[in-house]
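Please read the structure below before turning to the comments.
These numbers come from a predicted model, not from an experiment.
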Number of protein chains: 2
Amino acid sequence: MPDRKRVPELPIRTAVANEDGIDFTLIELFFFAYRDFTSDPDEMLADYGFGRAHHRVLHFVNRRPGLTVAELLEVLKITKQSLARVLKQLIDTDHIVQLQGPRDRRQRELYPTAKGRALALALARPQSRRIHTALQDVGAEGRALVEGFLNAMVNPELRAQIDAPPRNHE
Amino acid sequence: MPDRKRVPELPIRTAVANEDGIDFTLIELFFFAYRDFTSDPDEMLADYGFGRAHHRVLHFVNRRPGLTVAELLEVLKITKQSLARVLKQLIDTDHIVQLQGPRDRRQRELYPTAKGRALALALARPQSRRIHTALQDVGAEGRALVEGFLNAMVNPELRAQIDAPPRNHE
DNA sequence: AAAATATGTCAGTACTATTGACATATTTTT
DNA sequence: AAAAATATGTCAATAGTACTGACATATTTT
């Protein structure tokens, strides 16, 4: 009868490389790049008692002023319960205002205030600077290519949403 | 005497574009790209009762077998209390084993098991496929450029860490 | 008038992260 | 040899972001 006690599994001492056609290099780089990309605004947000979720809401409300709560949930892919606390805080602190929908009065259109616009720009500034620097390192023709790459990384179903150009409202 | 009651802030109805030299397009794309990039493994991990943190630990232990707990904390930039639960679960489920450091017996070297290696590869597969497809859309010469871009997005202090090629241990 | 929709809210839970405090084993310094 | 520093582990409390499920209200559609 075999030993049913716990046999320690054997350690594998060889590193995974880019084997099996798996691109570990870019997987890892993407992780580091995104982490550092979000680190600058994260630090600034802490001063307001805000987190990354507030940034995202603020970003999209500034990009698509007048979007409804439902549209925002759709873009962010979160539930309304998750949004509730964050949105309430942004409204209470006068970064965002809600207006009753003109056609459908059940809807709440979301707009940034001057304060909310200013914060969104302040948060985006270091991120944009980082991107700009990274693109310089890569040559001028790189921008279109990087944009194409990032775009192709997004699920196809969602691309329509993204391509929708930010519009001014009413 | 001015009204001290709450005056509703005025809504701004114009969308932020890529004004002030701020690259909102790429900021937004980077957000969507990373979200979808992590969505495939996230779904798989749910089947194990694991989260994204488990994935990251598994990834780096497979990439740098034999790294110590302190080295792992340094790479992930989290605290040992955050790591504790996740690492314990991975050890209890035989995805990772700990060996006493040969030189310094206080250290715990972390190694993947066959099971842990298999899971790491399974999680990386859809991510790699996504990257591969995105690169195809962008042309063959694009890969080096994308790698350069992502690399330049990382904080310079950390680049040494990344460039350290995954090594086989002992 | 009834059903569907848009929003808001309450309650409970999970995951990942934090800080602070303390314990143990081991190595380094004095 | 004793003291200090280091590597790891663990306990407790807290925060931020997310989830599901349930229910309430106002409004629009059927």
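We find that CD1 of B:Ile78 is positioned 12 Å from P of C:dT19, with the value rounded to whole Å. A straight line from NZ of B:Lys77 to P of C:dT18 spans 11 Å, rounded to a whole angstrom. Between the C1' atom of D:dA7 and the CG atom of B:Leu99 lies a distance of 16 Å, rounded to the nearest Å. Between B:Leu83 atom CG and D:dA7 atom P there is a gap of 15 Å when expressed in whole angstrom units. Rounded to an integer number of Å, the gap from B:Leu45 CG to C:dT16 C1' is 13 Å. One atom, CG of B:Leu67, and another, P of D:dT8, lie 10 Å apart when rounded to the nearest Å. When rounded to the nearest whole Å, the span between CG of A:Leu76 and C1' of D:dC19 equals 15 Å. The NE2-C1' distance, from A:His55 to D:dT17, rounds to 16 Å in whole Å.
B:Phe30 and A:Phe30 have their aromatic ring centers within a separation under 6.0 angstrom. Taking the six-membered ring wherever Trp is involved, the centroid distance between the rings of B:Phe60 and B:His55 does not fall below 6.0 Å.
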>> What verdict does the salt bridge (charged side-chain N to carboxylate O under 4.0 Å, His left out) test give for B:Glu71 and B:Arg64, after you've listed the backbone C-alpha separation in whole Å, the side-chain angles of each residue and the deciding distance to 0.1 Å?
In response: CA-CA 10 Å; B:Glu71 287 170 341; B:Arg64 298 147 155 83; over 6 Å; no
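Without hydrogens or angle criteria, B:Ser128 side chain to B:Ala124 main chain gives no donor-acceptor distance under 3.5 Å. Looking at B:Ser82, its side chain never comes within 3.5 Å of a backbone N or O of B:Ile78 through a donor-acceptor pair. Counting only distance, with no hydrogens or angles, the side chain of B:Arg103 and the backbone of B:Gly101 share no donor-acceptor pair below 3.5 Å. Panel note: side chain B:Gln127, backbone B:Phe37; a donor-acceptor pair is recorded below 3.5 Å. A donor-acceptor contact shorter than 3.5 Å is absent between the side chain of B:Lys115 and the backbone of B:Ile96. Under a 3.5 Å cut-off, the side chain of B:Thr113 and the backbone N or O of B:Asp94 do form a donor-acceptor pair.
One finds a side-chain N or O of B:Ser82 lying less than 4.0 angstrom from the OP1 or OP2 phosphate oxygen of C:dT18. OP1 or OP2 of D:dC19 lies within a sub-4.0 Å distance of a side-chain N or O belonging to A:Thr79.
Under the 4.5 Å side-chain contact rule for hydrophobic residues, B:Leu73 and B:Leu87 share a cluster.
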>> At under 4.0 Å between heavy atoms, how does the protein contact nucleotides 24-30 of chain C? Give one character per nucleotide, 5' to 3', with B, S or -.
In response: -BBS---
> How would nucleotides 9-16 of chain D be written as a contact map, 5' to 3', with B for base contact, S for sugar-phosphate-only contact and - for no contact, using protein heavy atoms under 4.0 Å?
Replying inline: BBB----S
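Inspection of the A:Asn18 and A:Thr25 side chains reveals an N or O donor paired with an N or O acceptor under 3.5 Å.
Using a 4.0 Å cut-off on heavy atoms, none of the residues of residues 31-39 of chain B approach DNA chain D.
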> How would DNA chain D look in dot-bracket form, 5' to 3', counting Watson-Crick and G-U wobble pairs with both distances under 3.5 Å and writing | for bases paired to another strand?
Replying inline: ||||||||||||||||||||||||||||||
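Evaluation of the side-chain hydrogen bond (donor to acceptor under 3.5 Å, both in side chains) rule for B:Asn155 yields A:Arg130 as partners, not counting sequence neighbours.
A cation-pi contact, defined as under 6.0 Å to the ring centre and within 45° of the axis, links A:Arg13 to B:Tyr111.
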Contacts under 3.5 angstrom, residues 41-48 of chain B side chains, donor-acceptor by atom type, not counting sequence neighbours:
residue : atom : partner : partner atom : Å
B:Asp42 : OD1  : B:Arg52 : NE           : 3.3
B:Asp42 : OD2  : B:Arg52 : NE           : 3.3
B:Asp42 : OD2  : B:Arg52 : NH2          : 2.6

